[in-house]
Each structure stands twice: as structure tokens, then as C-alpha cells.
K.L.:
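Below: one structure in C-alpha cells.
Letters go in sequence order (proteins before strands), and every chain restarts at 1.
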Number of protein chains: 2
Amino acid sequence: MLKQERQEYILHQLNLHNKVLCADLSSKMGVSDDTVRRDLQELSQEDKLIKVHGGALSKSFHTAFDREMVYNIENKNIIAKKAAALVQNGMYILTSGGTSILEFAKSLDQQLNATFFTCSLNAAIEFAHHPSIEVVMIGDKIAKESMLATGASAVQAIESIQADLCIMGINSMDTQFGLSENDWEVVQIKKAMIKASKKTVCIGISEKLNSQQKIKVANLDEIDILITELDPNDPLLAPYKQHGIIIY
Amino acid sequence: MLKQERQEYILHQLNLHNKVLCADLSSKMGVSDDTVRRDLQELSQEDKLIKVHGGALSKSFHTAFDREMVYNIENKNIIAKKAAALVQNGMYILTSGGTSILEFAKSLDQQLNATFFTCSLNAAIEFAHHPSIEVVMIGDKIAKESMLATGASAVQAIESIQADLCIMGINSMDTQFGLSENDWEVVQIKKAMIKASKKTVCIGISEKLNSQQKIKVANLDEIDILITELDPNDPLLAPYKQHGIIIY
DNA sequence: TTCGCATTTGCGGTTTTTTGCATAATTTGT
DNA sequence: ACAAATTATGCAAAAAACCGCAAATGCGAA
């Protein structure tokens, strides 16, 4: 077994189990403990994993959080305020989940009277804190990573709604591929939401722009409005403007 | 189990329960008391927790000290553990919301494989933190005070379920009036849940016993099991036992 | 292919870390 | 104050990591 091969295998196992044991690896790969140790040491130096006595732990599980998180909250706040301005009394609004949406929920005018539909547990809670708006949770099996209700029943429920606005946090957007996601179930939900709304608003920090993921949610022509933290005239947004999307 | 893994597990448990017992940890993780003690000592030196006799306390919790709170949380923990013991692999379980249910969710065995249905946003989130159980959120209009989905659609959804167990936090219970609540919408949900389950388990601190509220949820004969923080032989529970309810 | 060179790998011996146990000391609750 | 439970301490065995070296392997060039 080649060195590269081994190291890829180690990282693969680490993604699967979040932990690997030196002894396991050496017997599985048919090499000596020392070799495994050296592999782990290298990978650790490359910052790919965390080496511990007896094996290694996945890095993603341990850290991975709250570095740029803090930085982005400011931007998300700018976005949230712009989005909140679009909401008017009496509207029926579908929303996805995600941190941008949570900020949006916090930014809503306290006098606002509107009805929000969402599949996201966290978003539902945030909306429910608001004094006057109505919140409808769309239920189904919960996808744990995203805390989103997904499945046929949720899609059906969404299909039975005629909303004025769909406010959607974006993961990836691109002039070629449009709006895309990595999770098939979530994609089904988002597609249904867009279909069920008169207008679709995408919100997200500009980092998410010009990137794509595996599964397409919608073409750009299905998107009506795009909100980022940038100035509407920022050149980064020009290509989207050319596709007929209104930028705020 | 690796050392770092153990320590992360300890901190995780501490976030969940605000308190851990040496003995609990050693049996859960399959290591000796001494090892756990040494782990706690290290974590304590790193300022990650506060070590006390018999276990450790969460740092954040210790600062905000509230006698009443602590007292009730301890009781709710006792209740939660008893309730968790009733759940077996493969079961379909309906649950209501409330703090007792949240504690119950935290106390579930990490290896458990079961499916939980709930109308409570908070409960759904808590269940979804569990590594292996399935969570189904039953959606509808959110009642803000209780963060519960209520309404005809939710009731219908519940009616289409055949659950093994219904675990219900109680607000008021009484030998005369049975189980009662103040919110009409919530009552509809709870009634539907009891009807949809083979067995109904009521959980709640003993304070809630021998009190009644405006609207009846169920007669005592519809309740199979009652769990409080008290010893099953406590005289306070005797009248309920006489009504054929099993006490844990 | 074959040769030479750099890298990689395995092994023996040593050091360090970790863990569990026994016993003594301490704390807790009654 | 006493009995039970919890903790500290010292110690020994096992596991893992480290070190240096020689053999093996991979790789590029002749």
C-alpha cells in the first residue's frame, strides 16, 4: 500500500468515524504501527487531523467553528436589515433555514403583522419570539445536520401554500449553474418553496456567490431578488444583474 | 476510548446536564473511577469545568446559581432517567413539550434507536441532537407561549400515527378531574396523542399533582404510567395507584 | 531494463504515557 | 461522631511513542 493511498484511507476513515486508532489502522492496512504513526504525524502537521495518544481525532468535529462566524455576523446583519425591509403587513412568507434567516428574523419590525412558514426548527423558534407575527412550522422528518424538516409530507404541505415571498438563505450561487445545494432532501424543499411563492428572494453573504454545489435548486431566472452585504453596484453583482435579478 | 474522546464526552455531558457524576461516567465509558477522576482533574486545571466531590459541575451553570432551579432540575433529572428506561429500540414514540421532556431527551441512551414524533420545537431540536434516533416534527401553526405546533393539521397528522408510547409532560393532575390543561389548542393535541398511542406515560414533578386546570385532557384510566421524582411508594402517589396507574 | 539515490519502512530497545489497583486519607451525610 | 462514599497517593503493568539504524522500496535516469 502506498503512502498516499494510506493517508487518504486514514482521512476517509476519519470522516466516517471521527476517530481512528493506531492499532486498527496498522492491522487494517497491513503496515507497522510506526508507519501509521508517521502518517498521522504528517497529516497532523498538515493540519488535516488531530493526533492524540493512541490514534487521531477528526478536526472538523473538534474545532471548525466560530472563527469567521463572528466576523460574518456583522455582514449578516446588514443583509437581514435589507431583507426585513421587503416584508409588508399581511404578507404570507416562506423561509428556509440558516444563520442568515435567523438574523433576518431578529431584524423584523416589532410591529409587523405577517405569516411566516418555515421548515427550519431554529427559524420557527426565532420567528415565534416576535410579538405579532404568525408562525407555521412545516413538519416532517428532521434532517439533523440542518435541523430542517424534509420529506414528501413537507413538500406537499408547501405545495398547498400560495405565498407572496420566499426568502431563502443561499449556500452556493453561480451564473452558470444557478442556485445549488449539496443535500438532496433540502433541495426538494427549496424547489417547492420557490414554486409556491410569487417572488423569490435569495439572501446570503457574498462569499457564497460564484460557487456551486452538486445539486441544482433553481436557475437564475427563477430568482427575483438577491441580497448580499455588498453595495448593489458592486461589480461582483453585475453578472447577476444582467440575468435580470434585482439587487438590494 | 481515547483520552481526548473521553474528555470531550465529559464536556458534552456537562453541557447537557450541567452536572456529571464520577460513577456515572466511569460506567458509561467503561473505564475506572480513577481514570475519570484524572480526566476531571485535567479538565478542571484547564478551567473547563468545576470539580466537586463525586463529579463535576458545568462552569457556566455554577456562576448563575438559583436554588429553586437547581432543585427542580435535579428532580426533573430523576424523572427523565426513569422515563428514559422505558424506551426500547425500535419504538415509535409521541412526546409533548415542556422542560421535563427536554430533560428526558437529554437522558436518552446514546445507543438508542427509536423514532420520536413531537409538536414541540424545542423538543424536536433536543431530540435531533441525539446521534441515532429519528425525529419527526409535526407541523402546524406555532403557539408562541408553548412553542408547540397546534391546530387541525397537527391533530390529523397525529391521528395517522400508531405509536408504542406517548410520553407527556403534565401541567396538572388530580384524582377527580384527571389530566388537565389551560390551553384549548394544546389539549386537542394531547388528546390526539393519547389516542394514537398504545400506552400513555405522564411525567412531571410532584408539585403538579393534585391540582387541576380548566380543560380536561384525559381521565385517569387513560393513563398507564406515572413518573415523578418521588419514590413509587410515596403516600402522595397512592391514590393514583388505586386508579390502576403504574408508578415508577 | 538496470543502476544509483533518496525516501520509506520495519525492527529492537528505551522512554513516556496511560491505566487500574491497593491502601491510606478525606469528605459527606445522618 | 461515625459509617459510607469519594479522593489522593504510590506503584506496577501495559500500551504507545520515540529513536536510530539497516533493509526495502520507489523512482528517475542512463
K.L.:
Could you tell me how far apart A:Gln41 (CD) and C:dT9 (P) are, to the nearest whole angstrom?
P.N.:
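In whole Å, C:dT9 P lies 13 Å from A:Gln41 CD.
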K.L.:
How close or far is atom P of D:dA16 from atom CG of A:Leu40, stated in whole angstroms?
P.N.:
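Checked: the CG to P distance equals 12 Å.
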K.L.:
Rounded to the Å, how far apart are B:His53 NE2 and D:dT7 C1'?
P.N.:
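Going from NE2 in B:His53 over to C1' in D:dT7 covers 7 Å.
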K.L.:
Starting at atom CG of B:Leu25, determine the distance to atom P of C:dG20, rounded to an integer number of angstrom.
P.N.:
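That distance rounds to 14 Å.
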K.L.:
Please check this pair: side chain of A:Ser44 against backbone of A:Leu40, looking for a donor-acceptor N/O pair closer than 3.5 Å.
P.N.:
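Not at all, since once roles are kept as given, no pair shorter than 3.5 Å links the two residues.
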K.L.:
Which label fits B:Phe104 and B:Phe127: parallel for a plane angle under 30°, tilted from 30 to 60°, or perpendicular past 60°?
P.N.:
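If you compare the ring of B:Phe104 with that of B:Phe127, the planes turn out perpendicular.
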K.L.:
Closest to the A:Arg6 side chain: C:dT9, C:dT19, C:dT27?
P.N.:
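It is C:dT9.
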K.L.:
Rounded off to whole Å, could you give me the CG-to-P distance for the B:Asp34 and D:dG10 pair?
P.N.:
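Answer to the nearest Å: 14 Å.
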K.L.:
I'd like to know if B:Glu229 and B:Lys82 make a salt bridge, using a cut-off of under 4.0 Å between side-chain N and carboxylate O.
P.N.:
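Salt bridge between B:Glu229 and B:Lys82, a charged N being under 4.0 Å from a carboxylate O: no.
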K.L.:
Scan B:Val36 against the nucleic acid and name what it touches under 4.0 Å (heavy atoms): base, sugar-phosphate only, or nothing.
P.N.:
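Answer is nothing: B:Val36 stays at 4.0 Å or more from every strand.
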K.L.:
Looking only at side-chain atoms of B:Thr35, point me to the closest of D:dT9, C:dT19, D:dG26.
P.N.:
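The closest nucleotide is C:dT19.
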K.L.:
A:Leu21 has an atom CG; how far is it from atom C1' of C:dT18, in whole Å?
P.N.:
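Nearest whole value for this atom pair: 14 Å.
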K.L.:
Nearest-Å distance, CD (A:Glu5) to C1' (C:dT8)?
P.N.:
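For the pair A:Glu5 CD and C:dT8 C1', the rounded distance is 15 Å.
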K.L.:
Answer yes or no: does a side-chain N or O of B:Lys3 lie under 4.0 Å from OP1 or OP2 of C:dT19?
P.N.:
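No, no such contact exists.
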K.L.:
Ignoring hydrogens and angles, answer whether the base of C:dG20 and the side-chain atoms of B:Arg37 contain a donor-acceptor pair closer than 3.5 Å.
P.N.:
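Answer no: no donor N or O sits under 3.5 Å from an acceptor.
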K.L.:
Figure out the CG/P separation between B:Asp33 and D:dT7, and round it to whole Å.
P.N.:
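It is 8 Å, rounded to the nearest whole Å.
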K.L.:
Going by the side chain to side chain contact (heavy atoms under 4.5 Å, CB included) test, name the single residue among A:Asn75, A:Leu209, A:Ile205 that passes it with A:Thr228.
P.N.:
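By the side chain to side chain contact (heavy atoms under 4.5 Å, CB included) criterion, A:Thr228 pairs with just one of A:Asn75, A:Leu209, A:Ile205: A:Leu209.
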K.L.:
Looking at B:Arg38, I'd like to know whether one of its side-chain N or O atoms comes within less than 4.0 Å of OP1 or OP2 on C:dT17.
P.N.:
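No.
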K.L.:
If you measure from CG on B:Asp224 to SG on B:Cys202, what distance do you get to the nearest 0.5 Å?
P.N.:
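Here the rounded value is 9.0 Å.
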